[in-house]
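Quick note on labels: first sequence line is chain A, next is B, and so on, each numbered from 1. Values below: every heavy atom of this structure, side chains too, minus hydrogens, waters and symmetry copies.
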Amino acid sequence: MARNETMGKKWVGAGLALAGMLAASLAFAQNTEVLSVAFQGPGGHSNGNYGRASSVHAAARAIANMAATMDPASYVVSDFGGGNSVNSIASDAHFKVRLKGNAAAGREAVEAAVRSGIEAENDFRGVKAGDLTGNVPATIRYTIKP
Amino acid sequence: METAMMKTWVRILTVAAATMALAACGGGGPADTPPASADAPPAAKNVPVISPEVSAAAEAIHNDARIRKVVDEWQTAADAQYRYDTHLELARIAGPSRYESRRAAAIQARMLGEWGFDAADIMTRADGTLPGAGLQKVDGLPVYNVCARIKGSYADTPDAKSYKGQYPKVLVEGHIDSVNPSMLPPADQPFEPVKLQSMADAVVSSPEELAALLEELHFDAKGRVIHDAVYERAHRRFDDADAAQKGNALRHYVPGYNDDMGNTMTVLQIARMMKKYDIQPVYDVWICGTAGEEGKGNLAGMKQLYGYNQDTGKGNNALNFVADFGVDGSPKGGTINFVGSYRFQIKYQAPAELLRTGGVGPSPVDAAAMAVAKIAEIKTPWDDDKDQPKTTYTVGTMACEPANAKGVTPSCTMLVDMRSPLLESLNAIRARIEPLFKAGMEQENARFQAAADSPQAVTLKLEWFGDRPPHTNTNPSDVAIQAAWQAAQVTGVDKQDELSSGSGSLNNNVPAAMGVPTIDLGMFTTAASGGVHTFYEWGVPGNAELESKRMSRVMVATLIAAGFHTSDGKVIAPAAEPIGARTTEDQY
């Protein structure tokens with residue numbers, strides 16, 4: 001093979017390797033990991049069961065915490081929803097977080113915000129793990145997937 | 001101080017002005033009962049003082065020959081069957097709140113075609129207008145009340161008093177909207193099935209299970225129930241759940257069975273019999289199927305009847321109702337205290353620019369969350385002291401649209417509920433919560449230095465405002481309470497030792513807040529029932545004799561308030577004064 005072609009192959013190889021690294025870092029920067037956060041609580045009638053913790057309230061606190069602690073360029077919250085009717089305490093709530101930066105750090109920050117939001121809601125309504133109301137757990141609990 | 005009327009259903013939120021105006025409005029009005037005689041013993045706090053006039057009226061009305069004929073007919077097996085038929089023929093017509101026109105039309109057709117009413121005695125129109133009402137539309141929509149009048153003699157008497165030309169009248173009503181189905185079905189499929197199920201089986205737990213039930217009642221092309229073999233098994237009545245189980249009763253599933261088409265059917269029977277037996281009141285009696293009691297119905301029917309303007313929190317009672325009997329299932333003694341609520345439907349919208357370009361900027365999700373996070377920090381006076389009026393709130397629902405192709409959420413909508421039995425504390429919780437809708441938005445916009453109302457900013461819109469005015473009874477001897485109490489005594493049904501201290505959120509909230517004496521009662525009987533406000537609402541037909549006694553009780557109470565021409569030519573004067581209460585003279 002001519003000397004130029006051999007040199008070409010090396011450059012192509014290097015180029016490919018470089019391209020691979022660039023692609024990986026781009027993928028890293030445009031991380032499309034989406035977290036699904038779900039909240040579960042006791043629900044109840046808005047008047048008759050007033051005083052119970054609310055999943056929508058807890059989820060809102062979590063999202064507000066994220067806004068206070070995370071770089072807005074590093075995440076987007078969407079699909080925030082929950083509750084059953086205007087006159088019932090929300091038994092469920094959910095939202096999604098698309099992380100745009102470092103996935104591990106982002107997830108940790110989201111989880112911290114969720115936990116402190118839930119803790120604040122439970123504390124505000126004077127309930128702790130193990131408490132029951134109407135035979136169901138009185139506290140707000142969460143899951144984060146994946 | 002009153003705000004200028006805000007016209008539209010969808011409007012930009014204004015914060016303090018409306019709140020302050022509402023705070024200035026009081027509830028309550030002049031007492032309008034005949035005074036207790038001077039040497040009567042002082043009333044126990046929770047027992048009405050019955051005037052001698054009311055006591056005599058109750059006795060005379062209950063024993064009147066024509067009234068006895070009505071009650072005798074109600075107590076026949078044929079009438080029990082007619083009531084069963086009518087109840088289900090009307091309940092099966094879907095009637096979501098604010099979309100009750102089909103039920104209203106069916107009721108009007110019976111009034112005109114079968115129950116002997118003239119067109120002149122149908123006070124409502126098919127288009128939802130009610131000539132003479134204090135206002136017509138509520139939340140921008142027509143109000144599908146259906147009302148028949150039993151005309152009284154009062155207007156023809158010398159010195160008859162009127163309010164701006166409207167003579168006094170007594171209202172008896174039950175609501176014709178039901179929570180389910182929530183959407184009006186197509187015009188060619190207006191009916192819900194009336195499914196039947198053995199009491200031995202478990203109550204259905206899903207809409208699919210309900211649809212899969214094999215047995216149902218059958219109806220002809222005119223909407224009348226067919227008396228076939230399944231009907232014969234279905235229309236049997238039972239005294240209680242135990243008897244129903246033992247007797248192989250059938251559960252009847254149809255939304256509105258209990259709430260409220262059973263009671264409304266009995267209200268209509270009062271109209272039918274007053275007409276049939278020429279029961280002559282002194283004041284006019286209006287018997288109505290009312291619209292919009294449930295949820296987003298926002299008490300529209302009563303707001304039209306009473307001219308109650310929710311922008312001002314005041315009502316003009318242009319039609320001049322002087323006493324009000326609601327029938328929405330209050331146990332026995334009746335409900336006389338009414339919990340009020342405000343509801344807000346708030347929508348946060350993404351900045352117009354961001355929707356187009358995508359990128360990082362203010363989000364309706366964050367704005368909504370920030371507002372709710374602030375609201376969630378509110379402790380009401382009741383939280384700290386259970387002797388305070390029970391004031392409550394919650395953000396009941398949150399729903400955001402999915403993100404668009406640019407990754408931007410276009411909007412988030414939330415429904416907020418706040419309640420209290422007293423206007424002052426209801427207005428106080430509103431004054432704390434309402435500013436926070438905007439505060440959350442401002443916090444989010446500030447995070448990105450987006451100027452308010454600029455294309456870079458999140459905006460907010462008040463989509464719907466719900467108002468159920470509160471009232472805690474201050475006069476346990478008002479004419480409605482005395483009439484209902486004494487009618488129970490003479491008819492021997494639903495007697496109580498004391499007035500109920502319980503409260504409800506009912507159609508009566510509107511007249512009560514305006515000072516019109518009002519009570520909510522129950523007439524319809526079931527042996528067993530369940531699923532109120534759900535897709536699986538059900539009941540088993542109950543004791544017919546008890547039901548007819550309850551109907552006679554409400555009819556007697558109505559005639560105590562409205563006055564009555566006896567079969568032997570005497571006139572029992574109305575217990576209610578001829579000028580009704582109101583909280584404004586403004587006409588709308």
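The line from OG1 of B/Thr409 to NZ of A/Lys96 is 11.0 Å long, rounded to the nearest 0.5 Å. With rounding to the nearest 0.5 Å, the separation of OG1 in B/Thr394 from CG in A/Asn47 is 11.0 Å. In this structure, OG in B/Ser363 is found 10.5 Å from CZ in A/Phe80, a value given to the nearest 0.5 Å.
Shortest non-hydrogen contact noted between B/Ile378 and A/Phe124 is O-CZ, 3.4 Å. Shortest non-hydrogen contact noted between A/Ala60 and B/Ala369 is CB-O, 3.5 Å. Annotation for B/Met370 and A/Ala67: closest pair CE-CB, 3.5 Å, computed over non-hydrogen atoms. Across all their heavy atoms, A/Val56 and B/Met398 have their closest contact at CG1-CB, 4.3 Å. Contact record, A/Ala64 with B/Ala373: CB-CB, 4.0 Å, taken as the closest heavy-atom pair. Here the closest non-hydrogen pair linking B/Ala376 and A/Glu121 is CB-OE1, 4.1 Å.
Taking a 6.0 Å sphere around OH of A/Tyr75, one finds it holds more than 12 heavy atoms contributed by other residues, nucleotides or ligands. The environment of CZ in A/Arg115 is sparse: at most 12 heavy-atom neighbours from other residues, nucleotides or ligands sit within 6.0 Å. The environment of B/Tyr99 atom OH is sparse: at most 12 non-hydrogen atoms of other residues, nucleotides or ligands sit within 6.0 angstrom. Within a 6.0 Å radius of NZ in B/Lys386, other residues, nucleotides and ligands contribute more than 12 heavy atoms. With a 6.0 Å radius and a threshold of 12 heavy atoms from other residues, nucleotides or ligands, A/Glu108 has its CD atom at or below the threshold.
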Report task. Mind running side chain to side chain contact (heavy atoms under 4.5 Å, CB included) on A/His45 and B/Thr392 for me, showing each step along the way? Result -> CA-CA 11 Å; A/His45 190 273; B/Thr392 69; over 6 Å; no

Requested in this report: Give the intermediate values and the outcome of side chain to side chain contact (heavy atoms under 4.5 Å, CB included) for residues A/Ile63 and B/Asp366.
Outcome: CA-CA 7 Å; A/Ile63 294 172; B/Asp366 292 325; 3.2 Å; yes

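Within the 4.5 angstrom heavy-atom criterion, atoms from both the backbone and the side chain of B/Thr380 approach chain A. With a threshold of 4.5 angstrom between heavy atoms, B/Glu377 approaches chain A through its backbone and through its side chain. In this structure, the portions of B/Lys379 lying under 4.5 Å from any heavy atom of chain A include both its backbone and its side chain. The part of A/Ser88 that comes within reach of chain B is its backbone (N, CA, C, O), which places non-hydrogen atoms under 4.5 angstrom from that chain. At a 4.5 Å heavy-atom cutoff, the contact between B/Val360 and chain A is made by side-chain atoms alone. Heavy atoms closer than 4.5 Å to chain B are found in both the backbone and the side chain of A/Ser78. Contacts of B/Phe448 with chain A are made by side-chain atoms alone, with heavy-atom separations under 4.5 Å and no backbone atom involved. Of the atoms belonging to B/Val416, it is backbone heavy atoms, and not side-chain ones, that fall under 4.5 Å from chain A. At a 4.5 Å heavy-atom cutoff, the contact between A/Asn84 and chain B is made by backbone atoms alone.
Side chains of A/Asn87 and B/Arg419 form a contact here, defined as non-hydrogen atoms less than 4.5 Å apart. A 4.5 Å side-chain heavy-atom check between A/Ser54 and B/Val395 finds every atom pair outside the cut-off.
Note on A/Gly82, A/Gly83, A/Gly81: by heavy-atom pairs under 4.5 Å with chain B, the leading option is A/Gly82.
Classified by interplanar angle (parallel below 30°, tilted 30° to 60°, perpendicular above 60°), the ring pair B/Trp382/A/Tyr50 is tilted.
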